[in-house]
Amino acid sequence: MLILSLHKNLHLGFALLSPVAGSAGIAIADVAIDACVTQHAISHTYLAGDMQSLCGMSSSIGALLGLSLSGFFVHLVGAKGVFGLLAIPASLVVLVGILLRESQVRNFAYRRVKEKIVDASKVMWTTLKCRDVWRPCLYMYLSLALGLHIHEGMFYWYTDAKEGPSFSQEVVGSIFSVGAVGSLFGVLLYQNFLKNHPFRDILFWAQLLHGVSGLLDLVLVLRINLKLGMPDYFFVVVDEAVSRMIGRIKWMPFLVLSSKLFPSGIEGTFFALIMSIDQIGLLSSAWSGGLVLHMLNVTRTQFDNLWIAIVIRSPLRLIPIGFLFLMPRSDPNLSILPSEMLRTKRGNDVLEPENIEMATLVNSI
C-alpha cells in the first residue's frame with residue numbers, strides 16, 4: 001500500500017499485484033483466527049452462534065469506522081494518499097499477531113511434513129464427500145453466484161450529475177457507513193432472536209427479503225422516490241442499511257454452519273477451502289453482473305438500461321430458495337459431522353485446546 005501511494009510511475013502489473021498481495025495477507029490472518037473459532041465451535045457446539053456473532057459484530061464495527069472515514073480521507077489526501085493510510089490497519093494486524101498469547105510447538109516432526117500433507121488431503125477429500133458437507137457448500141456457492149453484482153453501475157449512477165443524485169465522495173462514504181450500521185444490527189438480530197432457529201427457516205426468509213429488497217434500487221433509479229416526496233439521500237441510506245442488514249442475517253447461518261463442517265486438526269485448511277468456494281461464488285456474481293451491465297450498455301455515463309439490470313437481478317436472488325433442500329434440517333446447536341471426524345488428534349506436534357488463544361474466553365462462557 002505504501003508503494004502504491006508513494007510511487008509515481010508504477011508498472012500496471014505490479015500495481016495490480018500489490019493489492020492482491022495485501023488481500024492475501026488479510027485472508028491468511030482471517031483464516032487463522034477463524035480456525036481458532038472453529039476448533040472451539042466443534043468442542044462447544046452450543047456457543048457456535050455466539051462466537052460467530054462476536055466475529056460478525058467486530059467486522060461490522062470495523063467496517064463502520066473505515067467507511068465513515070473513507071470519503072473524508074479521499075477528499076483530504078486523494079486516492080493515492082488513502083492507499084498509504086491503508087498501511088496503518090495492516091500494521092495493526094501485525095501488532096495484534098505479535099501480542100497474541102500462544103504456546104510454542106515443541107519437537108515438531110519436520111520430516112513428517114509430507115506425510116501430514118497427504119493425510120490432511122485425504123481427510124479433506126473424505127469430508128467433502130460427506131453428504132452433509134458438499135450439499136451446504138453447493139448451496140453457499142449458488143446463493144452467492146446467483147446474486148448479480150451490479151454495484152459498480154449503481155456507484156457511478158450515485159455520483160452522476162445528470163441522471164443520478166450527484167453524491168460526493170464524502171456522501172457515498174457516509175452511505176456505506178450507514179450500511180455497516182445495518183450489518184451490525186443484523187448481527188444483533190441474529191444473536192438475540194434467530195440463532196436457535198433452523199438454518200432453512202432463516203435462509204428462506206432472508207433470501208426472500210434479499211430478493212425483494214433489491215427492488216428498492218429500482219424505485220431509486222426510476223426516481224419514484226422523488227414522486228413520493230422522499231429525498232435521494234434518505235432513500236439511499238435506508239436502502240443500504242436494509243440491504244446490508246438482510247445480507248448479514250443471510251450470511252450468519254453460513255458462518256455458523258461452516259464452523260461445524262471442519263474435521264479436527266485441519267480447521268484452518270478446510271476453512272480456507274470453503275471460503276475459496278464462497279469467493280468463487282462472489283467472482284461468478286461479479287463477472288455475470290459485469291457481463292449483464294456490458295450487454296445492456298451501462299457505462300460510467302450511460303444509465304438508460306440500469307433499471308433492466310435491477311429487474312433481472314431481483315428474481316435471480318430468489319432462485320436459491322428452490323435449493324434449500326441442500327441445507328441440513330438439524331438443530332443449529334448440534335454437531336453435523338459424524339463423531340469419528342471430530343476426534344482430536346493428540347501428539348507432540350499438536351497444541352492442546354487450552355494453549356490456543358481464545359480458550360479462556362470460551363471456557364469462561
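This chain uses plain numbering: 1 for the first residue, then up along the sequence. A quick note: this is a predicted structure, and the numbers were derived from the prediction, not measured.
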In Å, rounded to the nearest 0.5 Å, how long is the span from [atom1] of [X] to [atom2] of [Y]?
X      : Y      : atom1 : atom2 : answer
Tyr158 : Leu220 : OH    : CG    : 6.0 Å
Leu282 : Leu144 : CG    : CG    : 5.0 Å
Ile246 : Leu209 : CD1   : CG    : 5.0 Å
Ile274 : Met140 : CD1   : CE    : 5.5 Å
Leu273 : Leu128 : CG    : CG    : 5.5 Å
Trp205 : Ile321 : CH2   : CD1   : 9.5 Å

Can you tell me if [atom1] on [X] sees more than 12 non-hydrogen neighbours from other groups inside 6.0 Å?
X      : atom1 : value
Phe325 : CZ    : yes
Ile3   : CD1   : no
Phe83  : CZ    : no
Phe323 : CZ    : no

Are [X] and [Y] close enough that some pair of their side-chain heavy atoms sits under 4.5 Å apart?
X      : Y      : answer
Leu146 : Arg317 : no
Met57  : Leu184 : yes
His197 : Pro253 : no
Pro328 : Phe199 : yes
Met1   : Ser91  : no

I'd like to know if the side chain of [X] reaches the main chain of [Y], judged simply by a donor and an acceptor atom lying under 3.5 Å from each other, with no hydrogens or angles considered.
X      : Y      : value
Arg200 : Met327 : yes
Ser166 : Thr159 : no
Arg313 : Ile150 : no
Asp239 : Phe235 : no
Ser285 : Gly281 : no
Ser5   : Leu2   : no
Ser121 : Ile117 : yes
Ser143 : Tyr139 : no
Ser243 : Glu240 : no

Smallest separation among heavy atoms of [X] and [Y], with atom names:
X      : Y      : answer
Ile249 : Ala206 : CG2-CB, 4.4 Å
Arg248 : Gly186 : CG-C, 4.1 Å
Ser288 : Ser284 : OG-O, 2.7 Å
Asp160 : Arg300 : OD1-O, 4.3 Å
Ala29  : Val93  : CB-CG1, 4.1 Å
Tyr190 : Ile202 : CE1-CD1, 3.8 Å

Hey, any chance [X] and [Y] share a hydrophobic cluster, counting ILVMFWY side chains that come within less than 4.5 Å of each other, even indirectly?
X      : Y      : value
Val212 : Val219 : no
Leu226 : Val221 : no
Phe303 : Ile224 : yes
Ile26  : Leu95  : no
Leu291 : Leu142 : no

request  = Could you list the residues that satisfy salt bridge (Lys or Arg N to Asp or Glu O under 4.0 Å) with Arg223, not counting sequence neighbours?
outcome  =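 Partners of Arg223 under the salt bridge (Lys or Arg N to Asp or Glu O under 4.0 Å) test: Asp232.
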ask   = Angle class for the His149/His151 ring planes (parallel below 30°, perpendicular above 60°, tilted otherwise)?
value =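 Tilted, since the angle between the ring planes falls between 30° and 60°.
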request  = Could you list who else is in Leu283's hydrophobic cluster, with ILVMFWY side chains joined at under 4.5 Å, directly or through other members?
outcome  =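 Trp287, all in the cluster of Leu283.
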Test side-chain contact (heavy atoms from CB on, under 4.5 Å) applied to Val298 and Tyr156, step by step = CA-CA 10 Å; Val298 177; Tyr156 289 120; over 6 Å; no
request  = Evaluate side-chain contact (heavy atoms from CB on, under 4.5 Å) for Asn305 paired with Met295, printing each intermediate quantity in order.
outcome  = CA-CA 10 Å; Asn305 295 326; Met295 294 175 61; over 6 Å; no
Candidate pair Phe185 and Val181, rule side-chain contact (heavy atoms from CB on, under 4.5 Å), full reasoning = CA-CA 6 Å; Phe185 189 62; Val181 174; 5.6 Å; no
ask   = Any side-chain donor paired with an acceptor under 3.5 Å for Arg244 and Ser183?
value =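 On atom types as modelled, these side chains do not qualify, holding no pair under 3.5 Å.
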inquiry  = Phe254 vs Asp278, test: side-chain contact (heavy atoms from CB on, under 4.5 Å). Steps then yes/no.
reply    = CA-CA 10 Å; Phe254 289 152; Asp278 292 342; 5.9 Å; no
